Structures are given as C-alpha cells and as structure tokens.
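Just so it is clear, the model here is predicted, and its values are computed rather than measured. Within every chain, numbering begins at 1; the chains are lettered A, B, ... in the order of the sequence lines, protein sequences first and strands thereafter.
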Amino acid sequence: MLQVSYIRENKEEVLARLAVRNFAEPQLVEEVIHLDDQRKRTQAQADELLAKGNAAAKQIGELMRNGKKEEAEAIKAETSSNKEEVKALQDELAQIEHDLQQRLVQLPNLPHKSVPAGKTPEDNEVVLVNGDLPSLPKSALPHWELAAKYNLIDFELGVKITGAGFPVYKGKGAKLQRALINFFLAEADKAGYEEMMVPHLVNEASGFGTGQLPDKEGQMYHVGLDNLFLIPTAEVPVTNLYRDVILKEEELPIKNCGYTPCFRREAGSYGAHVRGLNRLHQFDKVEIVQVVHPDHSYDVLEQMSAHVQGLLQKLGLQYRVLRLCGGDMGFTSALTYDMEVFSAAQERWLEVSSVSNFETFQSNRLKLRFKGKEGKTQLPHTLNGSALALPRILASILENFQTESGIKVPACLVPYTGFDFIN
RNA sequence: GGAAGAAUGGCAGAGCGGUCGAAUGCGGCGGUCUUGAAAACCGUUGACUGUAACAGGUCCGGGGGUUCGAAUCCCUCUUCUUCCGCCA
C-alpha cells in the first residue's frame, strides 16, 4: 500500500510511474488526496469537540469532589448536545476512512525507475542469457513422457485422488523432489538465511499484509468453514511473521527461508502450455525473504538474484534473467527479475523464479517498522524470491539431461538423492 | 467438544468510574563517578494522528453499550492458561 503522505507530496511523479504500469484508474490518485483532505478536516472538527467534552468532564469531576453539585449539573446540561455532534462526525469520519482505504488498496506499487514501460511479457527486458541453449536429438522427449517412461510422476493418479494439477511423485521422482528441496534449503542456509517452518493456511489479515487480499482471493483456495486460505507461496506466512512488529535497526537485515507447498487455483489458465509440470495447482517451493534498511534494498535485490542464479548454475541449467516491464509486474512489486530456464524438449523458456523488491508497499500494509538511530520509526523494505520453484526445474532436468538410456542427475544433487542416474 | 480463569507499555506487574498514557521493578538510552568496566546515584524511555511549531485527539486484546466522564461497569467476539474429554 502506498503512503498517503507520499502521494500527496509527489502526485505528478506517482501518476507518471503508475503510467509505466498502464494503470487503468489514475483518477484514484486524485480521489485519495481529496478524501484525505476530507479526513483531516473532519478529524479536526471531531477532535475539537472531543477536547471540549474532555475539558467539561474534567471540570465536573473537580466540582463534584468539592461538593458543588449544582454547578456540575449546569455544565452537564450544556454538554449533552456535544455528544451527538461528536457521534455524527465520527460516523462521517469512519465512512471517509473506509472510502479512502478502499481506494488506497487498489493502487499498485510504483515501479522502480529502471522498470521498462510495456504491456505484455514481450516487453520484458532480457538482462542476461547464461549458457548456450542445449540442442537435443530428434528423439528427445518432453518431461511428461519421460516421467511416465521412468515411472517418476503419475498425473492420472493425482486426478483420481484430487484433480488435474495435483501430481503424484513416485519412487525416484519423489526422491528427486526431496533432494531438490534439501539442496535449496542447504544453499539458503549457507547464504545466511534462517529457516522457518510455517503454517500452510493463513488468515485474512496475513493475506492482506502481503497484498493477496482483497481482490486476489480468486487465486487462493479458501477454507470457508474457518475462513482460512491455503498459501499460494511461503512469502505470505514468512513475511507476515513480522506483521505489527517494530524492529530495532540493528536487527536488520532479516533473512529467512522456508520450504512449503504452494496452492494456486490458476483459474482460467487451462489449455495450451499447461501440460505436465508446466502449471500446477499444488507445487513445492523454497522461498527466500528479506527485511532490510531502505538504503540497501536494491543491493540486496541483486544479491538475491545472484543467489538464485547460483542455484541454476550449480544445477547446470541454461537460464536467462528478465527485468519485468510495468505491465507484467505483480501488483505489489517495485522491481521484479524473473529467472527462466530453457526447456530443451519443449523449446521454450519456463519461469522458475521471481525475485522482487516491494520497497515499503508490504511493510506499510503489515505495519512492519523499524526504529532508527534517532528513535524515529520508519518502514523497512521487504523482498522475496523463489529459490527455487520445483516443478519446472524438475521438468528441465528431465528434459535437458536425458540420454538414450536414462536421465543424468546433476552432480550437486547426488549427495541428496543417493543416485546419479535414472533409468 | 465441556468447565473455570485471564488479556494493561520491550518484559514482569499495580491500578476505589474523575487528579491514569497509566504506579513499581527489570530492561534500554543519556549522564555523574572511574584509567576503563562493574556497582551506586541522577535523568530519560510507548504507538498512531495532527500542527510551520505548539496545542489538540486516539489507543490498556477487537467491536459495541452505559455515563457529563470508562483501563475500571455491561454485552459480544477473539486469543491464552488450567482442568476434563478426544486425538497424530
């Protein structure tokens, strides 16, 4: 959530930066400022009356103590109308605040200056391409056929017990999953991230804190009976660990990682390009999260990007890094890098990580603050990234490392799998 | 699921309906003393809003009510603790 004070003081800049996103409702900016004016005015009126009432009450108290009942009664009579006026103003204020909030939450984060304008993924900027694209023989198979051939994943079984998009990993397929999770966690640990094991269901307040709610509830599975949501990413529970917290400056940076399954409804995204592991309703992911001083957040973003790239290099996968354009960036992000792995058999790039700086957008919603050296509280920046999401990594390992006789397991995983070849 | 109790500042813990944003202790910060440190002593130490700056306003788990006035009384929700039941 943007800060009203910032919007007020930098209206033109806010509008210009929202335009980079092709934000469709710039009039909301003006409305926010207008409502905030109203809010201040009404608040001031109510406060004045309250002050009057407080003073009267104090006076009555004093008079009563001194036994001057009649004088007290006289003041009492005067103040009775005060009460209704206050009530009316406060009701009005509540309405204004509601309207203000309702608009405020519709404003997406402001893109960083380096974010290219653009509408579609075509407009994303390719920052770097690492490695030569692998070329496979004509006989190469896509991962869903390899998964069947070597009995690693059973999509049909998943359909039987749950539905499409919930695969069952079997045997060496399951072990490979577990190995990837352990490898990613071990690497995060080495990089100084403290591991957190968090709930996979979150409440509404958490969904709001990281920006999934309101408006994006259609993307999450909702447990109606208890009003809880299955997490779409570990970002939600991990970042919300710091909701309503005032940190000391010396506690920064906070570095957390966590493995969780992720649940996404992916409504409306059926059809082409969702075969096999390309798009699932449940998948596994290791996430890294940082809470940092605003001065360092873009350095940290580069570090997190480097960490993710390091994982891909160790796995021996060819990848590229994209700087997302304004139109393709998530609602809450100021700058996002996507890492994509080249899937040789499908001959297409698959997104395996997304690393973002949210600046103060989430901390403002979370009421996450830190107390600076001079004792002033301010909002830190939050960042997170997938390190990494498993299914597409698994897909590209299967496809890119396939041979006539089986699949080679990347060397960095062998200590975790206990085998180096699948056949 | 049933019964009882509780929820106050970073923590612990007071708080007859008016003088309570809140005693006291610990912790934190600043200072005196000291070569330095500890101890001792003195001072200081919540958040939000608002203002050019003062002032003012709000907050004692959340919401509502009674009252001129609520941390204190009433209703309700939530959470926690203890006991019982069930259970991986």
Side-chain angles (χ1 to χ4, degrees), chain A residues 1-9 32-101 103-105 197-209 213 223-229 237 240-252 254 261 291 360 362-380:
Chain A
M1 197 161 64
L2 301 177
Q3 293 167 91
V4 179
S5 58
Y6 190 87
I7 296 174
R8 295 185 73 102
E9 287 159 28
V32 162
I33 294 173
H34 175 69
L35 282 164
D36 192 51
D37 284 336
Q38 270 185 276
R39 196 204 98 237
K40 283 191 190 185
R41 219 177 309 128
T42 313
Q43 178 77 261
Q45 285 172 32
D47 285 356
E48 199 180 321
L49 288 179
L50 278 171
K52 229 191 270 180
N54 287 344
K58 205 172 235 177
Q59 225 177 329
I60 290 170
E62 214 157 309
L63 291 168
M64 295 293 266
R65 242 175 297 122
N66 298 329
K68 297 179 181 169
K69 271 229 171 90
E70 281 135 53
E71 285 179 52
E73 290 298 331
I75 297 173
K76 239 193 241 191
E78 275 174 49
T79 52
S80 56
S81 69
N82 198 22
K83 236 176 129 181
E84 276 126 57
E85 282 180 66
V86 170
K87 181 90 171 77
L89 281 170
Q90 285 181 334
D91 287 348
E92 197 185 324
L93 190 60
Q95 183 61 47
I96 292 169
E97 280 176 346
H98 172 268
D99 292 349
L100 176 61
Q101 180 76 359
R103 281 162 180 77
L104 214 45
V105 298
M197 265 199 166
V198 290
H200 301 164
L201 288 165
V202 294
N203 57 28
E204 261 183 296
S206 295
F208 177 81
L213 296 174
V223 183
L225 203 55
D226 298 291
N227 196 24
L228 296 172
F229 297 85
N240 271 280
L241 295 173
Y242 305 98
R243 173 152 48 84
D244 280 316
V245 168
I246 302 181
L247 298 161
K248 297 194 193 96
E249 184 166 346
E250 55 267 31
E251 291 178 275
L252 301 177
I254 285 177
V291 179
T360 60
Q362 290 183 330
S363 55
N364 191 214
R365 289 181 159 230
L366 292 160
K367 292 196 173 57
L368 162 58
R369 290 156 290 175
F370 73 96
K371 198 174 280 232
K373 297 272 192 294
E374 323 80 46
K376 210 175 57 176
T377 61
Q378 48 182 317
L379 299 170

Flag, side chain of Ser363(A) to backbone of Leu379(A), donor-acceptor distance under 3.5 Å: no
Would you kindly give the [atom1]-to-[atom2] distance between [X] and [N], to the nearest whole Å?
X	N	atom1	atom2	answer
Ile246(A)	rG28(B)	CD1	P	19 Å
Glu97(A)	rC59(B)	CD	C1'	14 Å
Lys376(A)	rG46(B)	NZ	P	17 Å
Ile96(A)	rG50(B)	CD1	P	14 Å
Glu84(A)	rU67(B)	CD	P	11 Å
Leu366(A)	rC48(B)	CG	P	15 Å
Leu379(A)	rA47(B)	CG	P	14 Å
Asp244(A)	rU78(B)	CG	P	20 Å

Please report the shortest heavy-atom distance between Arg243(A) and Ser206(A), naming the atom on each side.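 Answer, listing the atom of Arg243(A) first, then Ser206(A): NH2-OG, 2.9 Å.
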One character per nucleotide, please: for nucleotides 52-58 of chain B, 5' to 3', B when the base has a protein heavy atom closer than 4.0 Å, S when only the sugar-phosphate does, - otherwise. ----BSS
Can you confirm whether [X] sits close enough to [Y] that some side-chain heavy atom of one is under 4.5 Å from a side-chain heavy atom of the other?
X	Y	value
Asn203(A)	Asn227(A)	no
Val32(A)	Leu2(A)	no
Gln378(A)	Phe370(A)	yes
Asp91(A)	Gln95(A)	no
Gln43(A)	Ile96(A)	no
Leu366(A)	Asp244(A)	no
Leu50(A)	Gln90(A)	yes
Leu247(A)	Ile254(A)	yes

Could you give the distance from CZ (Arg369(A)) to CG (Asn364(A)), rounded to the nearest 0.5 Å?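 Result: 10.0 Å between the selected atoms.
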Which whole number of Å gives the distance between the [atom1] atom of [N] and that of [M]?
N	M	atom1	result
rG63(B)	rU78(B)	P	15 Å
rG57(B)	rG36(B)	C1'	49 Å
rA4(B)	rC77(B)	P	14 Å
rU58(B)	rU34(B)	P	49 Å
rA38(B)	rG15(B)	C1'	36 Å
rG30(B)	rA6(B)	P	41 Å
rG62(B)	rU79(B)	C1'	10 Å
rC68(B)	rG13(B)	C1'	33 Å

With 3.5 Å as the limit, what N/O pairs link the protein to nucleotides 15-21 of chain B?
from: rG18(B); atom 1: N2; to: Ala57(A); atom 2: O; distance (Å): 2.8

Consecutive-pair stems (at least three Watson-Crick or G-U pairs, under 3.5 Å) that include RNA chain B: B:1-7 with B:78-84, B:10-12 with B:24-26, B:27-32 with B:40-45, B:46-49 with B:56-59, B:61-65 with B:73-77
Whether Asp37(A) and Lys40(A) form a salt bridge (side-chain N of Lys/Arg under 4.0 Å from carboxylate O of Asp/Glu) is what I want to check. no
Within the structure shown, what part of the strands sits under 4.0 Å from Arg39(A) by heavy-atom distance: base, sugar-phosphate, or nothing?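 Sugar-phosphate contact only.
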How is Lys248(A) classified with respect to the nucleic acid when contacts are heavy atoms under 4.0 Å: base, sugar-phosphate, or nothing? nothing
Please confirm whether the shortest side-chain N or O distance from [X] to OP1 or OP2 of [N] is below 4.0 Å.
X	N	value
Thr377(A)	rC48(B)	yes
Lys371(A)	rG46(B)	no
Lys367(A)	rA47(B)	no

Atom CD of residue position Gln101(A) - does it have more than 12 heavy atoms of other residues, nucleotides or ligands inside 6.0 Å? yes
